[in-house]
Novice: 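First, the structure itself, so that you have it in front of you.
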Amino acid sequence: MAKELTSRSENYSQWYQDLVIKADLAENSAVRGCMVIKPYGYAIWEKMQAELDRMFKETGHVNAYFPLFIPKSFFSKEASHVEGFAKECAVVTHYRLKTDEVNGGVIVDPDAKLEEELIIRPTSETIIWNTYRNWIHSYRDLPILINQWANVVRWEMRTRLFLRTAEFLWQEGHTAHETMQEAIEETEKIINIYADFAENFMAMPVVKGLKSANERFAGALETYSIEALMQDGKALQSGTSHFLGQNFAKAFDVKFSSKEGKEEYVWATSWGVSTRLMGALVMAHSDDNGLVLPPKLAPFQVVIVPIYKNEEQLALISEKVKEIMAKLKTIGISVKYDDNDNKKPGWKFAEYELKGVPVRLAMGPRDIENGTVEIARRDNLTKTVVALDGVEDYIENLLVEIQSSIYDKAFEFRKQNTFKVDTYEEFKEALKKGGFLLAHWDGTSETEDKIKAETKATIRCLPLEYEEEAGVCIYSGQPSKRRVIFALAY
RNA sequence: CGGGGUAUAGCGCAGUCCGGCUAGCGCACCUGGUUUGGGACCAGGGGGUCGCAGGUUCGAAUCCUGCUACCCCGACCA
């Protein structure tokens, strides 16, 4: 980690990127704006994937895979969708290279120009709805509840590891329904799954809400999102679920015969979370010693470091360690034994703190003599010496305790950084400190645009849970029935 | 695309203003030894077209011209 940068410092973004690189999660690739996810980082992503995949399947979804390339013409079919994505598409124009006889090297073969350019998917609505047209004819074909795990490309101007990369990994769900009601229920079901995952696995409190018209997904009638607060006071949109109405069905002519024998357009939803969640996880919990991973997502939950002066001591320790490891494994706790002789214990302690391993055991000659082991927890950096007897139960409880304690800390942070503001002056003042600002808004895009232009703050969402409260818009003074969340956002 | 900055060993940097022996430091790496309860120490060693191209000069990392790449701050976005 950079020496002078801390988790709350001015240049938080620099600190964050340093941390991601030093903790061995990812690095910038040779391709502008893309990243290499390293094995340790990928292991966290795999954990996230596994849990989300399970949650989707438990709610009746199935996985499938659609093409990476989308014919350009597909994009022009849904007007607002094109507008939303046109500015950031990578386009394939040729299919062949040839050697450059003049200057050496290779050049694009001008004779290999494609008839129709292919867009590298920035999202898959278009190609999927083009496919659904052939799959759906009757109400008996519905619903279709499909998810795909894939990579997408959005040519962003400015990138940040995990938070905004030109290529990223995600899952995107695309469902088709008979009725509007059913589609809306699906949209809400998914946002609840996302919130559940964020809070119970990532230990990151989120606010579920509706996006304002300005912030809505290109082509959606309604966008639900989960919003989390990062340690520098900025908001991070961490997952979205869209009610698409009949927009894509109409654009791609997807109709079905209803029970009544009438021809009707299909109702749609789409939803996704991405490797951005990795960024959220890092930013939500890390401290100046490095990552703090919630036990449920840590690639390994426990690391054991032996401390020894000679081979005999190491042999004694290793024997005890093997017993502990066996016990931990039978109760489903993942554990790594680091008996690498090339690094000293102090180095290992620092290294695993940087990597956010929730629990660290240290065992040395003293412990062998006393029948004990030293247990250090990553979240609050405390150390305790406990008896070997029953240590697996102790650790099992400790992991549960750490998981909830990390959540509580993040929740408390959000609570301390959520403010009600009633005037525009208060609003601007509060914005300097960051956090979620609860304010009245007149509901118009004009007001939202002006506030954004003047302060850079945007409406993060209209929380699903709120109290009715008469008030006046902080900007226009027009009446308002409820508060919405404003914040500076990533 | 605007504003600012950087480019010298795998990584982080000094040297550039004011040109001068064989381009230096820390970390990492290799060898040997001593170490091991919070990022060990000693000794020795390897590794460089100084971003690229051209120019000035007896002599260029250093001065001049052009180019390229990357980073930060904005605009845009999950």
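These values consider heavy atoms only, across backbone and side chains, with no hydrogens, waters or symmetry-generated copies. Each chain gets a letter, A, B and so on, in the order its sequence line appears, and its residues count up from 1.
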Novice: Regarding A/E454 and A/Y424, is there a side-chain donor-to-acceptor distance under 3.5 Å anywhere?
Specialist: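 Judged by distance alone, the side chains do pair up.
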Novice: From B/G39, B/G37, B/C77, pick the nucleotide closest to the side chain of A/E88?
Specialist: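 Between B/G39, B/G37, B/C77, the one nearest the side chain of A/E88 would be B/C77.
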Novice: May I ask you to verify whether the side chain of A/R154 and the base of B/C77 hold a donor-acceptor pair under 3.5 Å?
Specialist: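 Per atom types, no contact qualifies.
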Novice: A/E353 has a side chain; which of B/G39, B/G38, B/A75 sits nearest to it?
Specialist: B/G38
Novice: Is it the case that the side chains of A/T175 and A/T269 hold a donor-acceptor pair, with the cut-off being a distance below 3.5 Å and no angle test?
Specialist: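 A donor-acceptor contact under 3.5 Å links the two side chains.
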Novice: With rounding to whole Å, what would you report as the distance between B/G47 and B/C42 at their P atoms?
Specialist: 23 Å
Novice: Which nucleotide sits closest to the side chain of A/K452: B/G37, B/G38, B/C76?
Specialist: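 Looking only at side-chain atoms, A/K452 lies closest to B/C76.
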Novice: Treating A/N370 as the side-chain partner and A/D367 as the backbone partner, does any N or O pair qualify as donor plus acceptor under 3.5 Å?
Specialist: no
Novice: If we take the P atom in both B/C18 and B/U22, what is their distance in whole Å?
Specialist: 24 Å
Novice: Taking only nitrogen or oxygen atoms into account, show me every contact under 3.5 Å that the protein makes with nucleotides 30-36 of chain B, one pair per line with its distance.
Specialist:
unit_1 : atom_1 : unit_2 : atom_2 : d
B/U36  : O2'    : A/Y308 : O      : 3.2

Novice: Are side-chain heavy atoms of A/W271 and A/F217 found at a separation under 4.5 Å?
Specialist: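 In short, these two side chains do not touch, never coming nearer than 4.5 Å.
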Novice: Assess the side chains of A/E172 and A/H174: does a donor N or O sit below 3.5 Å from an acceptor N or O?
Specialist: yes
Novice: When the C1' atoms of B/G38 and B/C25 are considered, how many whole Å apart are they?
Specialist: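 Per the computed distance, 27 Å lies between those C1' atoms.
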Novice: Tell me whether A/H242 contacts the main-chain N or O of A/R216 through its side chain, where contact means a donor paired with an acceptor under 3.5 Å.
Specialist: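 No.
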Novice: Between B/A53 and B/G45, how far apart are the P atoms? Round to whole Å, please.
Specialist: 33 Å
Novice: Assess whether side chain to side chain contact (heavy atoms under 4.5 Å, CB included) is satisfied between A/R360 and A/V302, documenting all intermediate values.
Specialist: CA-CA 6 Å; A/R360 183 186 73 233; A/V302 176; over 6 Å; no
Novice: Could you label the plane-to-plane angle of the A/F252 and A/F248 rings as parallel, tilted or perpendicular, counting under 30° as parallel and over 60° as perpendicular?
Specialist: parallel
Novice: Want to settle it: does A/K348 or A/T275 sit nearer the 5' end of RNA chain B, counting the closest nucleotide to each?
Specialist: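 Result of the comparison: A/K348.
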Novice: Quantified in whole Å, what is the P atom distance between nucleotide B/G4 and nucleotide B/U57?
Specialist: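 Rounded to whole Å, the distance is 33 Å.
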Novice: Would you mind telling me which of B/G39, B/C77, B/G38 lies closest to the side-chain atoms of A/K383?
Specialist: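 Per side-chain heavy atoms of A/K383, the pick is B/G38.
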Novice: Look at the side chain of A/K211 and the backbone N and O of A/R460, then say whether any donor-acceptor pair between them is shorter than 3.5 Å.
Specialist: yes
Novice: Side chain of A/P365: nearest nucleotide among B/C77, B/G37, B/G74?
Specialist: B/G37
Novice: When rounded to the nearest Å, what value does the distance between P atoms of B/G54 and B/G48 take?
Specialist: 22 Å
Novice: Fill in the dot-bracket string of RNA chain B, one character per base: . for unpaired, | for a pair to another strand, ( ) or [ ] for pairs within the strand, taking Watson-Crick or G-U pairs under 3.5 Å.
Specialist: (((((((..((((......[...)))).((((((.....)))))).....(((((..]....))))))))))))....
Novice: If you assign each of A/K87 and A/A350 to its closest nucleotide in RNA chain B, which residue comes earlier from the 5' end?
Specialist: A/A350
Novice: Decide whether a cation-pi geometry holds between A/K343 and A/W347; the criteria are a distance under 6.0 Å from NZ or CZ to the six-membered ring centre and an angle within 45° of the ring axis.
Specialist: yes
Novice: What is the separation between atom CG on A/L314 and atom C1' on B/G37, rounded to the nearest whole Å?
Specialist: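 Taking atom C1' of B/G37 as the reference, CG of A/L314 is at 15 Å.
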Novice: Quote, to the nearest angstrom, the P distance that separates B/G44 from B/G26.
Specialist: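 Approximately 12 Å lies between the P atom of B/G44 and that of B/G26.
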Novice: Which part of the nucleic acid, if any, lies within contact of A/F168, taking any heavy atom under 4.0 Å across all strands shown: a base, the sugar-phosphate backbone alone, or nothing?
Specialist: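 Base: the residue A/F168, judged by heavy atoms under 4.0 Å, touches a nucleobase.
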